Amino acid sequence: MPESEVPHRNVFTMPELPEVEITKRGVDAKFKGHTLRELTVRQPKLRWPVPQTVQACVGLPLVALARRSKYLLMDFGQHVLVVHLGMSGSLKIVSPQQPWDKHDHIQWLFDSDGSTGALRLNDPRRFGSVEYFEKRIETPADPYAHFGRFAALGPEPFSEAFQPESFYQSLRGRKLNIKTLLLSGKAVVGVGNIYACEALFRSQISPGRSASRVSRAQASLLYTSIVDVLSEAIERGGSTLRNFQAIDGELGHFQLHCDVYGRAGEKCKRCEGTIKRRVMGQRGTFYCPVCQK
DNA sequence: AAAAGCCCCTGGATGC
DNA sequence: TGCATCCAGGGGCTTT
């Protein structure tokens, strides 16, 4: 069956790891190596107040972009800005002359080959954040490890630290349901509500199953599903980005295809069941009660 | 220590 | 048509 005919639901997502990764690549392609000339904070009331210290980056070149979990890191050398898109945030590349949108909160004005280019954070619900950290030069291997809560985060899904057996071990003895545990960032980071539902569907594990009752074989399947579902989303985002790059635009959102998320009441893609929605850990959870055990 | 609950905010959906 | 009400949702923090 051609991919276009696969019965998926299109969801215009909140920013998850793939959106942050694509945003990172877009900012990297446009502004890496360019000097920050102005940083305008129109609305400092985000998830946390945007500190005055962010101004320490002005006048410095953007030397690197990085991502940790769903945090986007803008590395200005000794000074680093950590951006989180929350649930409605996005970064967009615009002309500095473009009128401000109601929800454009922050603007980075970069030198751009003799002219200037602007990057804006737009976030209607203001669950996003921009934080400032100073890099510790004495730990060059992982200069960001000590930032805020980073030390407490689980492994990155695409890192060497994320392996089937260690993943299985991190589930053992946890009575919490597997879906909520995935969202907690303890066993792996960057798996948000949508991808948790999708990965559990692929591995045919019920979201309500206690993590301690996920077998080694199931954990292995879930491990693969997590890596696959995130990789595929990044690929889709990559093609979205190519389109956006031609016109400049919003980097933080793109459409993705879901088997279960947002499909309550519809037919299961794999069996004769009907997709159900229930709330777990205060989040909407979509699954097939027939083929997910 | 682990798990559950709370809260920030606004657009969209729903009800009258 | 318009106004009031309700609710989702990431994830850190607080409470149990």
Side-chain angles (χ1 to χ4, degrees), chain A residues 9-21 23 41-51 67-73 82-91 100-106 121-133 146-157 169-199 207-214 226 230 233 250 252-253 256 258 260-265 275-287:
Chain A
R9 161 64 54 84
N10 290 328
V11 175
F12 211 57
T13 70
M14 66 215 77
E16 294 223 34
L17 183 147
E19 285 81 355
V20 178
E21 178 63 29
T23 298
V41 180
R42 295 174 79 223
Q43 172 56 278
K45 288 172 65 180
L46 303 183
R47 176 73 161 86
W48 292 285
V50 178
R67 180 188 58 72
R68 180 74 172 100
S69 187
K70 297 180 190 171
Y71 296 93
L72 171 66
L73 288 77
V82 177
V83 179
H84 198 290
L85 299 175
M87 61 166 288
S88 60
S90 63
L91 289 172
W100 291 85
D101 177 87
K102 179 181 175 186
H103 300 297
D104 285 345
H105 305 314
I106 298 185
L121 172 68
N122 182 279
D123 186 5
R125 303 211 172 159
R126 290 196 263 132
F127 277 26
S129 59
V130 177
E131 297 172 277
Y132 166 85
F133 292 98
H146 66 285
F147 288 3
R149 318 142 205 98
F150 284 14
L153 295 178
E156 286 290 325
Q169 293 299 332
S170 68
L171 306 184
R172 298 191 65 192
R174 305 297 300 270
K175 295 198 165 131
L176 195 60
N177 65 70
I178 182 65
K179 195 264 189 169
T180 303
L181 181 57
L182 285 179
L183 289 184
S184 76
K186 293 291 201 309
V188 60
V189 298
V191 179
N193 203 33
I194 295 172
Y195 295 112
C197 293
E198 295 298 312
R209 171 175 288 263
S210 166
S212 62
R213 294 187 173 277
V214 172
I226 288 167
L230 292 175
E250 190 172 312
H253 297 261
L256 61 111
C258 295
V260 287
Y261 190 86
R263 298 189 66 232
I275 303 305
K276 292 277 183 293
R277 178 187 188 276
R278 57 179 277 215
V279 175
M280 300 181 57
Q282 296 162 307
R283 297 291 179 268
T285 303
F286 299 84
Y287 65 106

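Computed from a predicted structure; not experimentally measured. So you know, we letter chains A, B, ... as the sequences are listed, proteins then strands, and number each from 1.
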Problem set entry | Selection from B/dA2, C/dA8, B/dA4 that lies nearest to any side-chain heavy atom of A/L176 | B/dA4
Exercise. Under 4.0 angstrom, heavy atoms only, what part of the nucleic acid is A/N193 near: base, sugar-phosphate, or nothing?
Worked result: sugar-phosphate
For this session: Have a look at A/R126 and say if it touches a base, only the backbone sugar-phosphate, or nothing, with a 4.0 Å heavy-atom cut-off.
Result: sugar-phosphate
Seminar exercise, completed: Per atom distances to the A/Y261 side chain, the nearest of C/dG9, C/dG12, B/dG11 is C/dG9
For this session: Measure from NZ on A/K179 to P on B/dA4 and round the result to the nearest Å.
Result: 13 Å
Problem set entry | Distance, rounded to the nearest Å, where A/M280 contributes CE and B/dA4 contributes P | 10 Å
Exercise. With a 4.0 Å cut-off on heavy atoms, is A/G284 in touch with a base, just the backbone sugar-phosphate, or nothing at all?
Worked result: sugar-phosphate
Problem set entry | Which nucleotide in B/dC6, B/dC9, C/dA8 has an atom nearest any side-chain atom of A/Q282 | B/dC6
Exercise. To the nearest angstrom, how far is A/R277 atom CZ from C/dG9 atom C1'?
Worked result: 10 Å
Exercise. Do any side-chain nitrogens or oxygens of A/H103 fall under 4.0 Å of OP1 or OP2 in B/dG11?
Worked result: yes
Exercise. Between A/W48 (CH2) and B/dC9 (P), how many Å, whole number?
Worked result: 14 Å
Exercise. A/F147 and A/Y71: aromatic ring centres closer than 6.0 Å?
Worked result: no
Exercise. Going from CZ on A/R278 to OH on A/Y287, what distance comes out if it is rounded to the nearest 0.5 angstrom?
Worked result: 5.0 Å
Seminar exercise, completed: Picking from B/dC8, B/dG11, C/dG12, the nucleotide nearest the side-chain atoms of A/R149 would be C/dG12
Exercise. Which of the following nucleotides, B/dT10, C/dG11, B/dA2, is nearest to the side chain of A/R125?
Worked result: B/dT10
Problem set entry | Separation of atom CZ in A/F147 from atom C1' in C/dG12, rounded to whole Å | 19 Å
Exercise. What's the spacing between A/K179 NZ and A/N193 CG if we round to 0.5 Å?
Worked result: 3.5 Å
Problem set entry | Distance test, side-chain N/O of A/R47 to OP1/OP2 of B/dC9, below 4.0 Å | no
Seminar exercise, completed: Side-chain contact check for A/K175: nearest option of C/dG11, B/dG11, B/dA3 is B/dA3
Seminar exercise, completed: In terms of heavy-atom contacts, A/G190 and A/S69 come closest through N-OG, 3.7 Å
For this session: Could you check which of C/dG12, B/dG11, B/dC8 has an atom nearest any side-chain atom of A/P124?
Result: B/dG11
Exercise. Do A/N122 and A/K102 have side-chain atoms, one donor and one acceptor, less than 3.5 Å apart?
Worked result: no
Problem set entry | Phosphate OP1/OP2 of B/dG11 contacted by A/K102 side-chain N/O (<4.0 Å) | yes
Exercise. Which part of the nucleic acid does A/K186 contact within heavy-atom distance under 4.0 Å: base, sugar-phosphate only, or nothing?
Worked result: nothing
Exercise. Can you tell me how far P of B/dG11 sits from CG of A/N122, to the nearest Å?
Worked result: 11 Å
For this session: Give the nucleotide from the list B/dA3, C/dA8, C/dG12 with an atom nearest to the side chain of A/Y71.
Result: C/dG12
For this session: Report the distance from atom NZ of A/K45 to atom P of B/dC8, rounded to the nearest whole Å.
Result: 11 Å
Exercise. Around A/R149, counting heavy atoms of other residues, nucleotides and ligands shown, do more than 12 lie under 6.0 Å from its CZ?
Worked result: yes
Exercise. When the distance from CG of A/L181 to C1' of C/dG11 is rounded to whole Å, what number comes out?
Worked result: 15 Å
